[in-house]
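All residue numbers refer to positions in the sequence shown, counting from 1.
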Amino acid sequence: MVVASEPGLAGLRELAAGQRAAGVEAVEVTGEQARELEPDLAPGVLGGVHYPQDAQVQPVVATEALLASARRAGAVVRTGVEVTGGCAVPTGAWWA
């Protein structure tokens with residue numbers, strides 16, 4: 001989580017303190033440290049809190065990556081059809 005203002009940073013520090021009290025690892029970082037962790041951050045980021053145990057996935061990006069990988073492996077993606085069952089694949093198939 002990052003902020004671009006002193007009031008925002010104060011609020012974020014307070015939030016992180018409460019989370020730490022609940023056992024969450026929350027590490028305060030400077031703007032420079034935040035950009036080292038996430039190079040695409042805006043230059044105006046003042047600071048933030050890094051949660052090393054937290055991970056997030058953007059579902060649309062993940063789905064697109066999975067579909068691209070399946071297509072490269074020869075899968076045909078069909079939309080608007082009903083799946084009524086699975087099929088067995090030989091051992092050693094890329095998805096097995």
Open item on the list: Which heavy atom of Q33 sits nearest to which heavy atom of V29, and what is that distance?
Closed with: OE1-CA, 3.3 Å

Open item on the list: Under a 3.5 Å distance rule, please check whether R20 uses its side chain to pair with a backbone N or O of A26 as donor and acceptor.
Closed with: yes

- [ ] May I ask you to check whether over 12 heavy atoms, not counting those of E32, lie within 6.0 Å of atom CD?
- [x] no

TODO: Say whether Y51 and L41 are linked into one hydrophobic cluster, either directly or through other cluster members, by side-chain heavy-atom distances under 4.5 angstrom.
DONE: no

Task: N/O donor-acceptor pair under 3.5 Å between R35 side chain and V45 backbone - done: yes

TODO: Would you check if V2 and E38 make a side-chain contact, meaning some heavy-atom pair closer than 4.5 Å?
DONE: no

TODO: Search all heavy atoms of S5 against all heavy atoms of G8 and return the closest pair with its distance.
DONE: OG-N, 3.0 Å

TODO: May I have all residue pairs that pass side-chain hydrogen bond (donor to acceptor under 3.5 Å, both in side chains) and include part of residues 70-86, sequence neighbours excluded?
DONE: none

- [ ] Treat each ILVMFWY residue as a node, draw an edge where side-chain heavy atoms are under 4.5 Å apart, and state whether L12 and V27 are in one component.
- [x] no

- [ ] Test side-chain contact (heavy atoms from CB on, under 4.5 Å) on R13 and L9 and set out the steps.
- [x] CA-CA 6 Å; R13 285 178 176 143; L9 190 54; 3.4 Å; yes

Open item on the list: Quick check: is V24 connected to V49 through a chain of hydrophobic side chains (ILVMFWY, heavy atoms under 4.5 Å apart)?
Closed with: yes

